[in-house]
Amino acid sequence: MIIKPDSVRDGHIGHILTRIEEESFRITGLRYLHLSQQQAEEFYAIHKERPFFDSLVRYMTSGPVVVGRLERENAVEHWRKVIGSTDPTKAPPGTIRALYGISIESNAVHGSDSVENGVIETRFFFEE
Ligand code: CMP
């Protein structure tokens, strides 16, 4: 998962980490870092052809983020349920994006969309 620049800036790191533990995830890796343009472009390479790609890279490099490796049963599926839809206005009440998201771009947190991508994204930030 990633706590994105808007959430870090607005002081939501603590609330989001608490929620993660309340949802029975174990946090087995945690880093506070500022993504470089190259890292953001590489992390989101799958969206390279999308019209929002340049803006997404600008946003993700606009300030520090917190990246975490989370473990629990059905982790990918459960985290997606906890964060809600990409667009915070469509996220169910109580989900992290409904609580803290500002827009479809500044949507508070990231979650891997599959177990396969979860492995790739975890390796992007953490040693084995
Ligand atoms: P995330 O789940 O991290 O994956 C891709 C990100 O691109 C997404 O969250 C948003 O931050 C951003 N994004 C997705 N769709 C749009 C969109 N239509 N317009 C702007 N940004 C978007």
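Heavy-atom basis, side chains included; hydrogens, waters and symmetry copies ignored. Order of listing sets the numbers, starting from 1, for every ligand and every atom in it.
Shown here are the ring pair (Phe, Tyr, Trp, His ring centres under 6.0 Å) partners of Phe52, two or more places apart in sequence or in another chain: His47.
Classified by interplanar angle (parallel below 30°, tilted 30° to 60°, perpendicular above 60°), the ring pair Phe125/Phe43 is tilted.
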Distance-only criterion, 3.5 Å: show the donor-acceptor pairs between side-chain atoms of residues 19-29 and protein atoms not counting sequence neighbours.
unit_1	atom_1	unit_2	atom_2	d
Arg19	NE	Glu23	OE2	2.9
Arg19	NH1	Gly94	O	2.9
Arg19	NH2	Gly94	O	3.2
Glu23	OE1	His78	NE2	2.8
Thr28	OG1	Arg69	O	3.4
Thr28	OG1	Arg69	NE	3.0
Thr28	OG1	Glu71	OE2	3.2

For residues 11-18, please give each side-chain donor-acceptor pair under 3.5 Å, one per line with the distance, not counting sequence neighbours.
unit_1	atom_1	unit_2	atom_2	d
Thr18	OG1	Gly14	O	2.9

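Applying the 6.0 Å contact sphere to CD1 of Ile46 captures no more than 12 heavy atoms from other residues, nucleotides or ligands.
Between the side chains of Gln37 and Thr61, no donor-acceptor pair of N or O atoms lies under 3.5 Å.
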Measure and list all N/O to N/O distances between ligand 1 and the protein that fall under 3.5 angstrom.
unit_1	atom_1	unit_2	atom_2	d
ligand 1	2 (O)	Arg97	NH2	3.2
ligand 1	3 (O)	Lys4	NZ	2.8
ligand 1	3 (O)	Tyr44	OH	2.6
ligand 1	3 (O)	His110	ND1	2.7
ligand 1	9 (O)	Lys4	NZ	2.9
ligand 1	9 (O)	Asn107	ND2	3.2
ligand 1	11 (O)	Lys4	NZ	3.1
ligand 1	11 (O)	Glu105	O	2.8

